[in-house]
Each structure stands twice: as C-alpha cells, then as structure tokens.
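Worksheet: one structure, shown below.
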Amino acid sequence: MRLLLNLLFCLHLTLHVLGQSFNLSTYKPVADGKTDDSPAFRRLFADVAKAGGGTVTIPVGNYFLKGETPIPVSAHTTVSAYGARFYLPKTLGDKARIVVFSGIDIQDFSWFGGYFEGYCFDHRNPPNTWEPNVTTRMIVITTSATGKTDNLLFRDIQSSKVAGAVITVQGLHREGSESEVQNFATNVTVENCTLLNSGKFMWDYGLLWQILVWPEDYSSTDQAMAQKYFRNDLIRSGVSLADGTTQVRFANTQQPIPVSKQDSPHHVVCFYGDKLPANIRRGRKYYVVASAADHIQVSETFGGKPLVFSGSAGPETKLIYNLQSAFSALYAPVGAGSGKGCIDLMACKNTRITGCKISALGDAMHIHSSHNNVFANNQILGARMGAFFLAEYCKNSTITGNTVDGTNGSRVVSIERSNEDVTVIGNTFRNGGRGSWINQPKNLIIQGNIFINNTTKCEHDPWRGRRSFHTGEWETYSEMYFTTYEPDGRYGPIILRDNIFVTGPEAKSVIEFYPKGFDILVEGNFFRGNTSTILVGENTDVTVGQNKGGTVQKVVQSGPSH
C-alpha cells in the first residue's frame, strides 16, 4: 500500500510539473481565416489558467482574431503554434489599438511557432487599409510592482506587416522615470524568429514637412498624403511679406506665435508655398523677435535684428511654427500608440536575441533600460527608421555577429543616452540614413566591424535624401558621431579599433566627436570612400594612431539636430 501511495504521489508530482495538455481544436474554432476565433482562444487559455498552466497546441489552421480585447495567457505555459496562421482585421481606422495575447507577471512561459499577418501602412506601396497611427501588438507581457516576470522564451515566430511589436516584454519603471527600474522582467530569450515589415509604422524625420515645403519634387498623391497627415495646426496661411518691410503679416490671434524664448526648434518658423523675398530661404528656420496680433518679425539669429525683406512674397505664402513638432517629432504618426520595433524589450534583465531575421516599417528593434543584453547573429534586412536600436540606460550589452541593413532609414546604429559597458564586435552595418549615433556612453568598445555608406539621408534626392530646416539645404551627417544630452554630460572611455569605414559620397566626415569626450582611442582602423576626416570637438581627449587613412581636424560644433 505504501509503495502504491508513493507511486501515486510521484505521478501527481510529474503531472503537476508537466502540466495538463490542451488543444485548441477541443474548443471548436472555425479556422477559416474570416470568422473571429477569439472566443475559442479565450476559452482555451481560461482553462489553462485554471489548471495553473500546461502545454497548449494550436493546430495548423487559419485563425482570424479581431483583437477587440486581449486574450490572457498565464504562467507555466508552453504554446506550440507551428503551422498556425493568425490574421488581423483587414481594415483598421484612426488610432486603432490591438493587443492579441497579453499577460502580467508571467513565469516559465514559452511560445513556439505561428505566423501573424497584418496590413501595416506603407506610403510607398499603396493601397493601404490601415491608418498610419494603427498600433497592433501580438504578445505583450508586463510586470507589476510586486510581481515577477521570469524565464520567457519565444522561438520560430513569424510575422508580416504587423503594425507594432510582435514580441513585447516590459518590466516596470519607477513612476515618472525612464531610467529607474522598479521591477525588472528577467531571463527573456528570442530565437530564430522571422519578423518582416513589422513594428509600428513611422514616417521618418521630416518627410511630411519636406513634401509640403518642396511639393514640386513629389506627385499629387504624395502631396495629398502629406496634407492629410501633417500637423496642420502648426501652419499659418494668408501670410504677407512686403518689400522693404520687416513685418510678417497674418492673423496672429488664434494660438498666437510668441517671441522665440530659446534657441530651440520649438521656437522657430519657416516659410513656403509661393515666391519668397530674395533674402528668405524656403524651409530655413527663422527666429521670432517680435509678436503682435497682426504680425511677427523674424531674424536669422536668436534675438537678432529683424530682417528687412528684399522683395515681396506671393499670395499663397504660408509659414510653419514649431519645427521640432513639424520635423523631428513627426516621425510618429499623430495619435500612434506606444512601443517600438518588431521586438520591444523594456526594463528587462538577461535578454538574448539570437538568430532572428527582422525588418520594419519603423524601428527594427528596441531594447530600453535593460541589463545584460546579447544581440547576436541576427539579420536586420531594413528599417524605415532606426535599424539597430539600443535605447536609453542599458548596461552590459554585447552586440556581435549581426548583419544590419538600414536601407536608407534613419540611423543604422543608435546607442542612446548613457549606455554603459557595451561591446560592438564583428558586425556589418550598411545603407543607413543618418550614420551611427552614440549618445553619452560609458565604457564602449567598437571593434572589428564594417560600416558602409550609412549617410544616405545626405543624398540630394527627394526620397532618399532629407532637407534640413536649419539651412533649407540637404542634411549632412558623419558616418559615426558621438554626442552628449545633459548640459554637464561627458562620454568615454571609448575604444574604436580594427574597423573598416567606407564613407558614402555625401558624408560629412568618417567619425565625429562632439565636445566633452575623454579617454578615446582610435586605432588600427581602415578608412575608405569620400572622406576619412575625423572631427574632434572642444574639450575632447582623442588619441589617433596606426590607422590606414584618417586625418584629425579640430572643430567647433553646434549640436546635431537629432
């Protein structure tokens, strides 16, 4: 009897560890790709939760998920969805939000396989049935203040044109802080996933502004799109500039434009829409130095003298106020939801993304305020915005063996805001738009990488290139540049060793160090292409030696626009 009891007890423990087995077919989904199968999934995962977890099989089939409310998933669950295809609604309107599967404080959770298909907006490939600000996320795991998120594995998941992260894992930040983490999600692994043209849609900096200001370079369809999705509240019409005067006349009573209080893009205007005076450049920023109910006065410099116009403006002249919102901030469609990239990890510890193939109609991937990160042996096939995106306040990150293609997106590499202890070794980065931006790092090694023509946004082409509101001319960027974001910020130590840089035809320089860098070593690199100049700003300690090519030029810089 005792032996039998022991056997029964062991069997109970085994079943408890393995969990029960569940199959979606038991819950009678229609699986025709048209009828909403959310109720069947909801009943399935409710039973899994009651059992305390288990093994879930989603059979081969076509499942339409309307996404009106998230389907809850629970801890201690393994989902096998090989051969299952999940379809989202074909039409989604203004500010639509969908989360398909979600969980909070999830431990010991794995998801294998499955294909998610959506219709993410893509202005270069119409027609589109989703609005640009649609946000759809497939699997979202979050963490409470006192809960625990741990041991998550996502493998062999596929997607196409999902307008948001396919995989989102979030710890918890302290309220009101982006840098302080109250509760980390831990041990998150993403392996062998193929996520194409996924992630939240983004316009790219300045695109809509450029189409409005230089409409002759674009089709009537492109112009109509820009007029529809631009921040039209920033535009003032009926603007008059008369020869020999200083007043920009228009009705300045509704949300009046004030005098520029700072040397900032938030406080400047630009002119467009018709013939302009000879001393006013279309698209260029001007500071407001006087403001009244029926006019403003502008200057080329902050707090400078009012311009006296050389010639008069045409009757269709307009102005745009607040170029920060009109250019830099309008990468995100008005009303877009939160989250970035097709893989979005925030406030996580011990992350590993390996063997994945991804591309995006916005940022390709996003790791934020996370510690102990490995991003290895992945392929980024293209990104409308940032390609490799190690965002703010990450620590102890290894980036190795990746092939990253920016395909004329924004920055091919972003290592932003106070990243610490980062190694970037043995990667290939090419075809980015605005170079590699590294913002106030501490302890950084960039070694044995290849960087090829990552300044395509400097090209004088209406689609590939981008105009600058600072000058009204085409933007200029260096292949790689280092900056600070805090008034008293410094960056370093940094080692740049044994890399190959091949600069494009419009690159400003090969490497640029803005002020306040220290303990920087540039050694053993090969420089090829249009320029091999290394620009070094004030109060920056750089040692340059044993490179093939490369000349150092001391410069005085103003901060990069973004």
Side-chain angles (χ1 to χ4, degrees), residues 16-17 19 41 45-46 48-56 69-81 97-112 114 116 135-157 164-193 195 199 337-354 356 365-375 389-397:
H16 179 74
V17 170
F41 278 89
F45 282 101
V48 174
K50 290 177 185 177
T55 301
V56 175
T69 57
I71 298 165
V73 298
S74 54
H76 313 297
T77 299
T78 297
V79 178
S80 177
R97 302 285 184 268
I98 285 178
V99 173
V100 178
F101 298 98
S102 71
I104 184 168
D105 299 332
I106 301 297
Q107 301 178 53
D108 304 322
F109 179 87
S110 300
W111 186 296
F112 299 96
F116 295 90
T135 305
T136 59
R137 295 185 291 173
M138 301 301 97
I139 306 171
V140 178
I141 307 298
T142 59
T143 308
S144 69
T146 57
K148 185 176 182 179
T149 297
D150 179 65
N151 192 25
L152 308 181
L153 172 62
F154 305 93
R155 181 184 293 160
D156 300 335
I157 299 172
V166 179
I167 300 163
T168 299
V169 181
Q170 298 177 342
L172 183 69
H173 283 93
R174 295 195 184 279
E175 186 174 355
S177 174
E178 289 188 346
S179 59
E180 295 183 77
V181 176
Q182 181 176 349
N183 193 1
F184 281 99
T186 54
N187 301 312
V188 181
T189 300
V190 182
E191 294 179 343
N192 199 42
C193 293
L195 313 175
S338 60
K340 292 183 178 182
C342 53
I343 301 169
D344 186 12
L345 308 182
M346 294 187 66
C348 297
K349 188 177 287 186
N350 307 332
T351 76
R352 186 176 182 87
I353 302 173
T354 59
C356 294
M365 43 73 63
H366 183 236
I367 303 175
H368 187 295
S369 55
S370 295
H371 298 181
N372 310 334
N373 307 297
V374 173
F375 189 85
F389 191 5
L390 189 66
E392 293 93 333
Y393 315 113
C394 292
K395 294 183 179 181
N396 192 22
S397 303

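Numbers here are sequence positions counted from 1.
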Legend entry - Any side-chain donor near an acceptor of the partner, Asn373 and Thr351, under 3.5 Å: yes
Inset, instruction - Could you tell me the separation between the OG atom of Ser369 and the NZ atom of Lys349, rounded to the nearest 0.5 Å? - result: 11.5 Å
Legend entry - Close side-chain approach of Phe154 to Val169, heavy-atom, < 4.5 Å: yes
Legend entry - side-chain hydrogen bond (donor to acceptor under 3.5 Å, both in side chains) partners of residues 100-110, not counting sequence neighbours, each pair once: His76-Asp108, Asp105-Ser144, Asp108-Asn151
Legend entry - Point-to-point distance, once rounded to the nearest 0.5 Å, from CZ of Arg155 to CD of Glu191: 4.5 Å
Legend entry - Ile343 side chain reached by Leu195 side chain, heavy atoms, under 4.5 Å: yes
Inset, instruction - Would you mind reporting whether Arg352 and Phe375 have side-chain heavy atoms less than 4.5 Å apart? - result: no
Legend entry - Point-to-point distance, once rounded to the nearest 0.5 Å, from CD1 of Ile104 to OG1 of Thr142: 4.0 Å
Inset, instruction - Just jot down the side-chain hydrogen bond (donor to acceptor under 3.5 Å, both in side chains) partners of Thr69, sequence neighbours excluded, or say none. - result: Arg42
Inset, instruction - Please work out whether the ring planes of His368 and Tyr393 are parallel, tilted or perpendicular, with thresholds of 30° and 60°. - result: perpendicular
Legend entry - Phe184 and His371 aromatic ring geometry - parallel, tilted or perpendicular at 30°/60° bounds: tilted
Inset, instruction - Assess the side chains of Thr186 and Asp150: does a donor N or O sit below 3.5 Å from an acceptor N or O? - result: yes
Legend entry - Ile167 side chain reached by Met138 side chain, heavy atoms, under 4.5 Å: no
Legend entry - Gap separating the CG atom of Leu152 from the OG1 atom of Thr189, nearest 0.5 angstrom: 8.5 Å
Legend entry - Any side-chain heavy-atom pair of Cys193 and Asp156 under 4.5 Å: no
Inset, instruction - Working to the nearest 0.5 Å, report the span between OG1 of Thr135 and CZ of Arg97. - result: 4.0 Å
Inset, instruction - Please answer whether the main-chain N or O of Glu178 pairs with a side-chain N or O of His173 as donor and acceptor at a distance below 3.5 Å. - result: yes
Inset, instruction - Write down the atom of Ala185, the atom of Thr143, and the distance for their closest heavy-atom approach. - result: CB-OG1, 3.9 Å
Legend entry - Phe389 to Lys340 - nearest heavy-atom pair and separation: CE2-CD, 3.7 Å
Legend entry - Thr77 and its side chain to side chain contact (heavy atoms under 4.5 Å, CB included) partner, picked from Ile106, Val48, Thr55: Val48
Inset, instruction - Would you check if Phe101 and Val140 make a side-chain contact, meaning some heavy-atom pair closer than 4.5 Å? - result: no
Legend entry - Side-chain touch Met346/His366, heavy atoms, less than 4.5 angstrom: yes
Legend entry - Non-hydrogen side-chain atoms of Leu172 and Gln170 separated by less than 4.5 Å: no
Inset, instruction - For the pair Phe109 and Trp111, name the ring-plane relationship: parallel under 30°, tilted 30 to 60°, perpendicular over 60°. - result: tilted
Inset, instruction - May I ask you to decide if Cys348's main-chain N or O and Ser370's side chain share a donor-acceptor pair within less than 3.5 Å? - result: yes
